[in-house]
Amino acid sequence: MKNIIRYLLFVLSGFAVFYVMYEMVNTELIYHLQQLGFSSSKAYFNEMMSFPGGPAEYLSVFLFQYAYNSFTGALLFSAILFVILSLTGFVLKGNRSALDGFLIFIPAALTAVLLVEYDLHPVFPLLVLSLLIFMSFFTAIIHAKRNTGLQIFSIILLFAAFYWLAGGLIFLVFSLSALIWSVRELRGKRLLIISFTVTILAGVLPLIAPKFFFIGQKDAFLKLGPYFTDYKPDYLLYGVVFSLPFSLLMHSISRFKNIDFVGKIPFGRTKFLQNSFSLIVMGGLLAGMYFHIDQQQKFKIQVDKLAHERKWNEVLTMVDDRTIDDRITQFHVNRALFFTDSLTTSLFKYDQRWGVDGLFLTRQFSNDMLLPSTELFFDLAFVNEAIHYANEALAQNEHSPLLIEQLILANIASADSQAARLYVNVLKDYPTFQQRARMYEKHLNGTTNPDLEDLIALKRELMPFTDFKVNRQEPSEDLINILIDKPKNRMAYEYLMSYFLLNNDLASFVKYYSIGRNFSYGKVPKVYQQALLLYSYELGRVGRPIGNLRIEKEIVQQFNEYLSIIAQNQGNMDAALPELSEKFGQTYWFYIHYNSPVTTTDKQ
Amino acid sequence: MKTIQHLLYILIVVIFASCSTKMTEPQSVSINQTVSIFPDYAGVTVPANIAPLNFYIEEKGIEYQANFVDASGNGFVVKSDNGVVDIPLKKWHKMLASNAGKSINVKIFVKDNSGKWVDYQLFTITVSSDNIDSHLAYRIINVGYILWNKLGLYQRDLTSFRQTAIMLNRNTEGNCMNCHNFNQQDPEQIMFHMRGKYAGTVIARGDEVKKVNTKTPVTMSAAAYPSWHPGGKHIAFSVNLISQWFHGVDKKNEVYDRASDIVVYDIENNEITTSPLVSTRQRESLPNWSPDGKYIYFCRTEEVSESIAWDEVVYDLCRISYDVETKTWGTVETVLSAAQAGGSITFPKISPDGKWLMFTLADHGYFSIFNKSSDLYLLNLETNDFFPFPFNSGDVDSYHSWSGNSRWIAFSSKRLDGLCTRPYFTHVDEKGNFSKPFVMPQRDPLFYRSYKDNYNVPELVNGKVNINRASLLEAARDNALQANFDPNIDVDGLSGASRIEQSVLH
């Protein structure tokens, strides 16, 4: 009688894996981070087919499209794990002993843990899957009662196909697995012929590969995964890759030595023990997945994705009062503050310890700042710079549909319909983005689209028209240039003011502050009042007081209290810190004294 | 069995009918209009060895037919149900071969929704009796200004649609590669620079491949813009301190040199030399050796100065004689000044017959690929007359190279979409008359409408580059051989290369 509980456990753990991928990992976040769009263009196909490992990469990116939706993504990943588990069982020839039961879990369990890594290129699980598929073919060929010549011919074809599909290292792993399996399953002359064939193929195919493909000899033998990826293989990945030969080896040793400690005692063959054992293994798998999720990275991607989707309130809710420990999250929070009309009131609700580098990312160049910077410049109606950064970003990730869409928008805004059309045509090659591409195409062909037209009209109304030299190190100069042409560009104004404040540059703040009259603030924004008061106070100390400042009484009282706390501590800022932090931690005064990198760097 | 036979007969009939040599024309109404096709191949002149000019008929219809007919009435028909005219390779080549020096007429028929056929005005394709070099080498690179990722040097067999790689940066950890150059269109003699981790200049001559570090303590940079001496033993380079900045409103960026000089690298002696005359405080760049090997033509402008605005920097065309055997330099002569030319002269390229010099003229600077004012000009080296290429576009027309027979020019242009550079070809006769250029044909005629990478630095080559791949990759990944600086040059006497102020260098 079959062990129904055990099968139920399998099913349950399948659901659990799905739940982890769907709810805890959320494949949409993986997709958002990696932006690996699948292009159906011939050029992409030809390129991917032109080197060993390319076909697997092509297939993986095709499947990865489904990660764009968290449900289909979780389903896909769970299905991959299920097939890996099933095929491992097939290759290991069933789970006759408790040790077998453990061994068949190894590839699937390790892959499952690997799958929760947000930056894992999707080709790696696919490589494990294809390794098992081809191993199954290999075993099928050997088991087929055909003549040896036909078998060898089939093996040669199979190995050549796998080499082309998967590339150097995984091919060697395949060859090793096939060798171990052959030693376990075959005897005598057949063993000799098959193992000899496998060994020769393992050496010869990579050796001659550079004659057929544009690759070096080292890559021909040892290349694992894609050429252009930020993902750095670690021990876990190599563990996954070698898990099949390891399992096969252990399985073979156990059969050879007849090792089945648990199965030798009657209790070891009870369903209770088998079920308990399965439960432990599955529990371990789920725990491994759960604890391997990088929560910090997940949080960053969530914020980035929400910002991309312009869900500003959700960005702020998500960050809430968490300490922001990376500048891109701070950058998105600042954008969210602007779009929720609270940049001038709540800028220092966050500690802003990145200073101006949390407002603009372009002073420090890195790959992950390119798309957010593109979006910011488009927000600012600084369209030329949006196009510039989108192009830089596309150079790093040439198949990112989101970047291509940014380029379409920016080129439409800058009235470059030819370039916009080219990118529309490019976007049409991405199946999951075809609908959006057609929407832009219709717009370019004159079909009315009120939302898009309003957006474009707004950008054109606010974009500068007089040329200037972009200053990457001092974005404030760019903002001033934008405001000279377009003094009603409120975002440029508030970002300029924020830039000065974050840079401790109160003189410049005061100099350009009056541009704010172009906007209907009603009263002077709270943060600006704090800055003006501080500036006035500092000038007063050097005998140059300024008058006619309309500062609310409450803010003046707060400032006096702030100063009195410092005075109570005899000017010792370190001593005053706890109380000031508690009472005034969200004021500009506190920022400039304690959090500003200008201040803290000076102190160092 | 009979059913299968019948099916086979039908299949054969269908195949022949779809691409028949019988010049049938549908019953049609003539409309006196030119047909709109993409790419625009109407009225172009092509070499007899070019790949089929597949095109797309941009007229609304449900069926299409293109009749290709020569002066003798021979030809073939291409039918299409989606407007794509996919010309059979063999028939095309046969037709071109038998019509060298003559014209082919192309008549387009379109069947509209009501089932009626209309035909458009004929257009002609002139077949030149001058063949073009069989291959075009170029770099494929993304539209980016600071960053790159995947790029490669490729070659395209111009007689077919086959593109193969010469070098791919995936083999060298994604480093930058640039400035590929050939000696007199010879596929056996090629060089290109590698930047970053595997930096060096790769020079291949036949089976010999080596990588050289051309940066010496007394030159301001590694070698940049190259030109082979026709003898194949020397390469003239410019050494440049290149910078760029970005415009706030215009799309273009500005690439400029803070300083630059001309040097000559002796391949066999692994030695770099220069002269005080071309390593001055002025900026000398973009060398091009005359086909007789006696002169180096180059561009020159004033040194960087705050008194000269970025858009006022213009380059003159100069030349200096240099004897590679005796290492003797002549004096610098101005061949054509910027003032005479009415703009800044860049990328001088002399035809192999030594009669013509093609250059790019822009309103300022030398890095013309981002400058919409860039146009092509031809200078007659015998008379010093110059005139614009009559088919310049409103967009960038820039880098160019000559075919071995001096009758064809490949050039890069952004005229298709204003964004990406595409390779074009134009015929030029002995008197300097040009014919309408055509974009490099692709199997899919709509290819350029959705291809977002650039064809950079198109160089015509008279055969396939067949460097031993293993040797190339080995050399590329190997440590570079350090080039020596000519000890006979009194470096301290130079006012240029070795004496650029540190403020300029950094």
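Computed from a predicted structure; not experimentally measured. Each chain gets a letter, A, B and so on, in the order its sequence line appears, and its residues count up from 1.
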message: Using heavy-atom distances under 4.5 Å, tell me whether A:T466 contacts chain B through its side chain, its backbone, both, or neither.
response: backbone
- prompt: Which of the residues A:E398, A:K42, A:E385 is involved in the greatest number of heavy-atom pairs with chain B at under 4.5 angstrom?
  reply: A:E398
- request: Check the pair B:F246, B:Y145 against ring pair (Phe, Tyr, Trp, His ring centres under 6.0 Å), reporting the backbone distance first and the verdict last.
  value: CA-CA 9 Å; B:F246 292 86; B:Y145 308 95; 5.6 Å; yes
message: Heavy-atom count check: over 12 atoms from other residues, nucleotides or ligands less than 6.0 Å from A:N445 CG?
response: yes
message: I'd like to know if A:E441 pairs up with A:K428 as an ion pair, taking the criterion as any Lys NZ or Arg NE/NH1/NH2 lying under 4.0 Å from an Asp or Glu carboxylate oxygen.
response: yes
query: Is B:R415 close enough and on-axis enough to B:Y424, meaning under 6.0 Å and within 45°, for cation-pi?
result: yes
message: I'd like to verify something: which residue of B:R449, B:R477, B:K452, B:R469 has the highest number of heavy-atom pairs under 4.5 Å with chain A?
response: B:R469
Proximal component of A:P210, with respect to chain B [non-hydrogen, under 4.5 Å]: backbone
query: Minimum heavy-atom separation for A:K486 to A:L462, with atom names?
result: CG-O, 3.3 Å
- request: Flag the one option from B:T172, B:D444, B:L446, B:N171 with the top tally of heavy-atom pairs under 4.5 Å to chain A.
  value: B:N171
task: Side chain from CB out, backbone as N, CA, C, O: work out which of these in A:D429 comes under 4.5 Å of a heavy atom of chain B, or both, or neither.
output: side chain
field: chain A contact via B:D453 - which portion, at a heavy-atom distance below 4.5 Å
entry: side chain
message: Just checking A:Y58 against A:Y44, ring centres under 6.0 Å apart?
response: yes
- line: Honestly, the part of A:L394 sitting under 4.5 Å from a heavy atom of chain B is side chain
- request: Check the side chains of B:S412 and B:T421 for a donor-acceptor pair under 3.5 angstrom, ignoring hydrogens and angles.
  value: no
- request: Mark yes when over 12 heavy atoms from residues, nucleotides or ligands other than B:K372 sit less than 6.0 Å from its NZ; otherwise mark no.
  value: no
task: Let me see the working for B:D417 and A:Q418 under side-chain hydrogen bond (donor to acceptor under 3.5 Å, both in side chains), right down to the final yes or no.
output: CA-CA 5 Å; B:D417 51 36; A:Q418 279 188 313; over 6 Å; no
message: Using heavy-atom distances under 4.5 Å, tell me whether B:W245 contacts chain A through its side chain, its backbone, both, or neither.
response: side chain
message: Report which part of B:A165 has an atom under 4.5 Å of a heavy atom belonging to chain A: side chain, backbone, both, or neither.
response: both
field: Among the listed options A:N391, A:D467, A:N425, the residue most often paired with chain B at heavy-atom distances under 4.5 Å
entry: A:D467
- prompt: Hey, does the Lys NZ or Arg CZ of B:R170 hover above the aromatic six-ring of A:Y227, less than 6.0 Å from the centre and inside 45° of the axis?
  reply: yes
task: Answer yes or no: does atom CD of A:Q473 have more than 12 heavy-atom neighbours from other residues, nucleotides or ligands under 6.0 Å?
output: yes
query: What part of B:I140 is in contact with chain A, defined as an atom under 4.5 angstrom from a non-hydrogen atom: side chain, backbone, both or neither?
result: neither
- request: Output the option from A:F465, A:F214, A:F468 having the highest count of non-hydrogen pairs under 4.5 Å with chain B.
  value: A:F214
query: Contact part of A:K211 toward chain B, heavy-atom cut-off under 4.5 Å: side chain, backbone, both or neither?
result: backbone
Chain B contact via A:L427 - which portion, at a heavy-atom distance below 4.5 Å: neither
- request: Using non-hydrogen atoms and a 4.5 Å limit, figure out which bit of B:L147 sits close to chain A: side chain, backbone, both or neither.
  value: both
message: Between B:N149 and chain A, with a heavy-atom cut-off of 4.5 Å, which part of the residue counts as in contact: side chain, backbone, both or neither?
response: both
